[in-house]
Amino acid sequence: MTRPYLDYYTKNNIIPVHQNIDDIEAHFNRRRFLYYTLGLHEFTFRHADILEVGPGTGDNALYIANIKPNSYSLLDGNPASIQALKDKQEKGLFNGPKEFNIIDTNFLDYQVKRKYDIVLAEGCLSGQLHPDIFLKHLSGFVRDGGFLVITTQTTTSLLAE
């Protein structure tokens, strides 16, 4: 097993993280506050080319898609996540970006020359066998002057989740 988390999720057909989006405005406010705290205002996303790694169900992606970036690519290697993303796409929930892509691959296998204004990887780092390799590969997709956003959790908070 070379990808312990991804292989486990795939084998058991699960998506490990779901957001409560019953109140979509509250959800959008939480996302807006996170990015505002990081110094990334809505205008940063509006006309940007964005890559999100490990979007899971795509619940967090709804906020960014709503801002209408130039392009938005969601990359995940978990078949259950890919299906959840396609379901949201079929419902028209990702119609904001001019260009929208769902990329079905393991991130470390993703090889393109394209650079992005913003690369997002929320909660992915702790599941990597080699986080240094993951970060180096991830940073290679960020355009000069762009942003790399990584969120992670401590072992204690991971236990609670």
Side-chain angles (χ1 to χ4, degrees), residues 3 5-6 9-10 13-125 127-128 133-152:
R3 312 165 310 171
Y5 287 96
L6 182 56
Y9 301 149
T10 300
N13 194 35
I14 61 171
I15 304 170
V17 178
H18 297 269
Q19 299 291 325
N20 180 349
I21 60 170
D22 292 338
D23 182 345
I24 197 68
E25 192 57 39
H27 176 66
F28 282 8
N29 284 336
R30 286 189 297 271
R31 302 308 300 166
R32 186 177 297 112
F33 181 74
L34 168 67
Y35 294 126
Y36 179 81
T37 302
L38 296 173
L40 299 172
H41 300 269
E42 285 185 21
F43 297 111
T44 310
F45 295 95
R46 185 142 302 139
H47 299 289
D49 294 317
I50 303 168
L51 171 66
E52 183 173 347
V53 175
T57 57
D59 294 337
N60 289 341
L62 293 173
Y63 170 70
I64 293 174
N66 187 63
I67 296 173
K68 298 181 172 67
N70 184 54
S71 71
Y72 197 7
S73 297
L74 303 178
L75 186 152
D76 208 303
N78 180 355
S81 294
I82 293 297
Q83 188 58 55
L85 296 170
K86 287 180 178 179
D87 290 347
K88 281 184 171 63
Q89 183 181 27
E90 287 173 12
K91 291 178 184 174
L93 299 177
F94 295 127
N95 285 341
K98 293 176 186 170
E99 175 190 333
F100 182 78
N101 302 296
I102 296 172
I103 304 166
D104 182 1
T105 190
N106 176 26
F107 171 68
L108 292 174
D109 296 333
Y110 185 58
Q111 300 290 332
V112 294
K113 292 183 180 183
R114 182 175 186 176
K115 301 286 184 175
Y116 297 87
D117 299 304
I118 302 169
V119 176
L120 306 167
E122 294 196 46
C124 300
L125 190 60
Q128 301 302 313
I133 294 170
F134 177 82
L135 285 173
K136 185 175 181 178
H137 189 62
L138 194 65
S139 66
F141 296 106
V142 182
R143 184 174 286 141
D144 287 344
F147 298 95
L148 174 59
V149 178
I150 300 166
T151 63
T152 189

> I need the minimum non-hydrogen distance between Gln19 and Asp59, along with the two atoms involved.
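In this case the closest contact between Gln19 and Asp59 is N-OD2, 3.0 Å.
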> Could you tell me the separation between the CG atom of Leu38 and the OG1 atom of Thr44, rounded to the nearest 0.5 Å?
10.5 Å
> Once you round to the nearest 0.5 Å, how far does NE2 of His47 lie from CD1 of Ile67?
11.0 Å
> Strictly under 6.0 Å, is that where the ring centroids of Tyr36 and His41 end up?
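Yes, close enough.
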> Any chance you could measure His137, atom NE2, to Ile133, atom CD1, to the nearest 0.5 Å?
11.0 Å
> If you compare all heavy atoms of Leu138 against all heavy atoms of Val119, which two are closest, and at what distance to 0.1 Å?
CD1-CG1, 3.5 Å
> Got Ser73 and Tyr116 here, is their nearest side-chain heavy-atom distance under 4.5 Å?
yes
> Once you round to the nearest 0.5 Å, how far does OG1 of Thr105 lie from CG of Leu108?
9.5 Å
> Using side-chain heavy atoms (C-beta onward) and a distance below 4.5 Å, is Leu75 in contact with Phe107?
yes
> Is the shortest heavy-atom distance from the side chain of Glu122 to the side chain of Leu34 under 4.5 Å?
yes
> If I compare all heavy atoms of Ala65 with all of Pro97, which pair ends up nearest, and what's the gap?
O-CD, 3.7 Å
> Taking the six-membered ring for Trp, are Tyr63 and His27 closer than 6.0 Å centroid to centroid?
no
> Could you tell me if the side chain of Val53 sits less than 4.5 Å from the side chain of Phe141, heavy atoms only?
no
> Using side chain to side chain contact (heavy atoms under 4.5 Å, CB included), reason through Arg114 and Ser71 one step at a time and then give a plain yes or no.
CA-CA 12 Å; Arg114 182 175 186 176; Ser71 71; 2.7 Å; yes
> Can you tell me how far CZ of Arg31 sits from CG of Asn66, rounded to the nearest 0.5 angstrom?
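Here the rounded value is 13.0 Å.
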> Stepwise, does the side chain to side chain contact (heavy atoms under 4.5 Å, CB included) test hold for Asn70 with Glu99?
CA-CA 6 Å; Asn70 184 54; Glu99 175 190 333; 5.6 Å; no
> What is the minimum heavy-atom distance between Ala48 and Pro69, and which atoms define it?
O-CB, 3.4 Å
> How far does CG of Leu40 sit from CD1 of Ile118, to the nearest 0.5 angstrom?
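Separation between the atoms: 6.0 Å.
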> Is the closest side-chain heavy-atom distance between Tyr35 and Ile64 below 4.5 Å?
yes
> Taking it one step at a time, do Arg46 and Glu42 satisfy salt bridge (charged side-chain N to carboxylate O under 4.0 Å, His left out)?
CA-CA 6 Å; Arg46 185 142 302 139; Glu42 285 185 21; 3.6 Å; yes
> Do Val142 and Lys115 come close enough that some side-chain heavy atom pair is under 4.5 Å?
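Val142 does not reach Lys115 side chain to side chain.
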> Is there a donor-acceptor pair under 3.5 Å between the side chain of Lys88 and the backbone N or O of Thr57?
yes
> Kindly indicate whether the side chain of Glu52, heavy atoms from C-beta on, has any atom under 4.5 Å from the side chain of Cys124.
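Heavy-atom side-chain distance check fails, nothing below 4.5 Å.
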> When Ile50 is tested against each of Asp117, Leu74, Leu120 for side-chain contact (heavy atoms from CB on, under 4.5 Å), which residue passes?
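It is Leu120, the one option of Asp117, Leu74, Leu120 that forms the side-chain contact (heavy atoms from CB on, under 4.5 Å) with Ile50.
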> Could you label the plane-to-plane angle of the Phe100 and Tyr72 rings as parallel, tilted or perpendicular, counting under 30° as parallel and over 60° as perpendicular?
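Judged by the thresholds at 30° and 60°, the geometry between Phe100 and Tyr72 is perpendicular.
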> Looking at every heavy atom in both Pro79 and Gly77, which two are closest together, and how far apart are they?
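Where Pro79 meets Gly77 most closely, the heavy atoms are CD-O, 3.4 Å.
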> May I ask you to decide if Ile82's main-chain N or O and Asp76's side chain share a donor-acceptor pair within less than 3.5 Å?
no
> Quick check: closest heavy atoms across Asn20 and Asp23, and the distance to 0.1 Å?
OD1-N, 4.5 Å
> Mark yes when over 12 heavy atoms from residues, nucleotides or ligands other than Lys98 sit less than 6.0 Å from its NZ; otherwise mark no.
no
> Taking the side chain as C-beta and beyond, is there a heavy-atom pair between Arg143 and Asp49 under 4.5 Å?
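Heavy-atom side-chain distance check passes, below 4.5 Å.
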